[in-house]
Amino acid sequence: MMRELDINQIPSNINEEEISMEEEEEEESSNNNNNNDNINGAPRKKLRLTKQQSFLLEESFRQNHTLNPKQKEALAMQLKLKARQVEVWFQNRRARSKLKQTEMECEYLKRWFGSLSEQNQRLKKEVEELRAMKVGPPTVLSPHSCHPLPASTLTMCPHCERVTRTNVRD
DNA sequence: CTCGTCAAATAGTACG
DNA sequence: CGTACTATTTGACGAG
């Protein structure tokens, strides 16, 4: 799972028998079998692309993620496939590289979330510590008695604009 | 065209 | 080894 982080990368070991430079013709002697014509009610085997076919498709995907009808036809000719098969291959290839991309973004976001949670935890702890350093709620000196009063018990008189006490004895 | 899905082919694994 | 299961890959197709 997730063994390749770079989508669109081409498989690193394409060697496996010669693949002669750029644009090649397939031929695997025993091969194909490509005929899907259902002679009789044949269960009909599913097509498997040869290494060279895959390679060529991969190459052209690398330079262009979509094909115009002309390119499609040419590729199909070259690969000895139907144009429809080339078309489908590209559709699948696009869909699957998009999926990989999305999975990678998902992983990235998960990591980001993780680090943010961590940071959040640290900050909360810091707030806690800072709060603990304070002796108590804020206080002010009473204008009347000159004694400290909890700020929460004071209000501003709307008329004279002087601080008065609410509701608590001085 | 994309998206979701199916199913064949194949790769990986567990076990006698 | 072989063989039985499970998981993954991938060609194909229908719906929208």
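Residue numbers start from 1 in every chain, and the chains themselves are labelled A, B, ... in the order their sequence lines are given, proteins ahead of strands.
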Lys/Arg-Asp/Glu bridge criterion (N-O < 4.0 Å) met for A/Arg62, A/Glu59: yes
Spacing between A/Leu47 atom CG and B/dA7 atom P, to the nearest angstrom: 18 Å
A/Asn68 backbone acceptor or donor facing A/Gln71 side chain under 3.5 Å: yes
Quick one: which protein N/O atoms are closer than 3.5 Å to N/O atoms of nucleotides 1-5 of chain B? Pair and distance per line, please.
unit_1 : atom_1 : unit_2  : atom_2 : d
B/dC1  : OP1    : A/Arg94 : NH2    : 3.1
B/dC1  : OP2    : A/Gln91 : NE2    : 2.8
B/dT2  : OP1    : A/Arg94 : NE     : 3.1
B/dT2  : OP2    : A/Arg94 : NE     : 3.1
B/dT2  : OP2    : A/Arg94 : NH2    : 3.2
B/dC3  : OP1    : A/Lys98 : NZ     : 2.6
B/dC3  : OP2    : A/Lys98 : NZ     : 3.0

Atom-pair distance (CG on A/Leu49; C1' on C/dT9), nearest Å: 12 Å
Within-4.5 Å side-chain heavy-atom neighbours: A/Met133 and A/Leu130: yes
Nucleotide C/dT10, atom C1' - distance to CG of A/Leu81 in whole Å: 14 Å
Length of the CD-C1' vector between A/Glu103 and C/dT8, whole Å: 12 Å
Value in whole Å for how far the C1' atom of B/dA9 lies from CZ of A/Arg48: 5 Å
Identified side chain to side chain contact (heavy atoms under 4.5 Å, CB included) counterpart of A/Leu56 within the set A/Leu75, A/Thr50, A/Leu49: A/Leu75
Salt bridge present between A/Arg84 and A/Glu87 (N-O < 4.0 angstrom): yes
Distance in angstrom units between A/Lys45 NZ and B/dA9 P, rounded: 6 Å
Pair A/Lys110 + A/Glu107: basic N to acidic O under 4.0 Å: yes
Gap between atoms CG and C1', on A/Leu99 and C/dT10 respectively (whole Å): 13 Å
